[in-house]
Student: 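Got a structure for you, written out below as structure tokens; questions coming shortly.
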Amino acid sequence: MGRAAEMLGVTPAFLRSLDTARLIVPQRSSGGHRRYSRYQLRLAQRARDLVDEGTALEAACRIIILEDQLAEAQRVNARLRQDRSERETPRPQD
């Protein structure tokens, strides 16, 4: 956790607060140390940016969750449009 906090320029307490808010739930090593994925570190950085801009931590976490849900919905929508386009495109006869 200390290394992750150092990389992001935050305190370990800030990372623990993101865990408490359930924004990021890191894996644990056999020794009980928190292990963060790159994705989790990106979320933590986004949370830090929002908090630095004056957004309350709880609101920042909610914003990030909604942004993530929107991005996933957009990916699904694009995939469905692509699938539909492929079904509707006439294929040449052999």
Side-chain angles (χ1 to χ4, degrees):
M1 176 193 290
R3 177 74 180 121
E6 181 181 309
M7 288 172 47
L8 297 172
V10 299
T11 64
F14 180 80
L15 290 176
R16 281 192 297 275
S17 68
L18 297 179
D19 191 356
T20 300
R22 310 291 290 168
L23 177 64
I24 54 175
V25 180
Q27 296 292 318
R28 297 284 185 147
S29 69
S30 58
H33 299 282
R34 290 175 173 89
R35 302 285 183 191
Y36 297 94
S37 69
R38 287 186 177 108
Y39 176 72
Q40 289 172 328
L41 292 174
R42 284 193 303 271
L43 291 179
Q45 181 62 56
R46 177 72 175 125
R48 178 186 176 216
D49 293 344
L50 288 169
V51 169
D52 285 352
E53 292 171 5
T55 306
L57 181 64
E58 280 188 30
C61 291
R62 185 68 180 139
I63 288 168
I64 293 165
I65 289 166
L66 290 171
E67 287 174 341
D68 197 48
Q69 289 172 345
L70 175 61
E72 177 62 20
Q74 289 172 330
R75 282 190 294 274
V76 168
N77 195 15
R79 188 175 61 243
L80 291 172
R81 269 190 257 128
Q82 179 66 31
D83 290 349
R84 186 175 82 192
S85 175
E86 289 172 2
R87 284 194 313 271
E88 293 174 354
T89 302
R91 294 194 175 144
Q93 298 293 325
D94 289 330

Student: Examine distances only and state if a side-chain atom of Thr20 and a backbone atom of Arg16 form a donor-acceptor pair shorter than 3.5 Å.
Tutor: yes
Student: Is there a side-chain contact between Leu70 and Glu67 in this structure, where contact means two heavy atoms from C-beta onward sitting under 4.5 Å apart?
Tutor: no
Student: In sequence, state the C-alpha distance, the side-chain angles, and the governing distance for Glu72 and Arg75, and then conclude on side chain to side chain contact (heavy atoms under 4.5 Å, CB included).
Tutor: CA-CA 5 Å; Glu72 177 62 20; Arg75 282 190 294 274; 2.7 Å; yes
Student: Quick one, Leu18 with Tyr36, criterion side chain to side chain contact (heavy atoms under 4.5 Å, CB included). Give me CA distance, side-chain angles, the key distance, then yes/no.
Tutor: CA-CA 12 Å; Leu18 297 179; Tyr36 297 94; over 6 Å; no
Student: Enter the distance from Arg22:CZ to Cys61:SG here, rounded to the nearest 0.5 Å.
Tutor: 12.0 Å
Student: Hey, could you give me the OG/CD1 distance between Ser17 and Ile24, rounded to the nearest 0.5 Å?
Tutor: 8.5 Å
Student: Checking Leu57 against Phe14 for the side chain to side chain contact (heavy atoms under 4.5 Å, CB included) test, could you report, in this order, the C-alpha distance in whole Å, the side-chain angles of both residues, the deciding distance, and whether it holds?
Tutor: CA-CA 9 Å; Leu57 181 64; Phe14 180 80; 4.0 Å; yes
Student: Using a 4.5 Å cut-off on heavy atoms from C-beta on, say whether the side chain of Val76 contacts that of Leu80.
Tutor: yes
Student: Ignoring hydrogens, what is the shortest heavy-atom contact between Ser29 and Arg35? Give both atom names and the distance.
Tutor: CB-NE, 3.6 Å
Student: Measure the shortest side-chain to side-chain distance between Leu41 and Gln45 over non-hydrogen atoms and say whether it is less than 4.5 angstrom.
Tutor: no
Student: Answer yes if Val25 and Leu15 sit in the same cluster of Ile, Leu, Val, Met, Phe, Trp and Tyr residues linked by side chain heavy atoms under 4.5 Å apart, and no otherwise.
Tutor: no
Student: Side-chain contact test, heavy atoms from C-beta onward, threshold under 4.5 Å: evaluate it for Arg34 versus Arg28 and give yes or no.
Tutor: yes
Student: What heavy-atom pair brings Ile64 and Leu43 nearest, and what distance separates the two atoms?
Tutor: CG2-CD2, 3.4 Å
Student: If you take all heavy atoms of Pro12 and Met1, which pair is closest and at what distance?
Tutor: CB-SD, 3.3 Å
Student: Using a strict threshold of under 4.0 Å (side-chain N to carboxylate O), is an ion pair present between Arg87 and Asp83?
Tutor: no
Student: I need the Leu8 CG to Glu6 CD distance, nearest 0.5 Å.
Tutor: 10.0 Å
Student: Please find the pair of heavy atoms, one from Ala47 and one from Leu23, that lie closest to each other, and give the distance.
Tutor: CB-CD2, 4.1 Å
Student: Just verifying a value: how many Å separate Arg3 CZ and His33 NE2, rounded to the nearest 0.5 Å?
Tutor: 16.0 Å
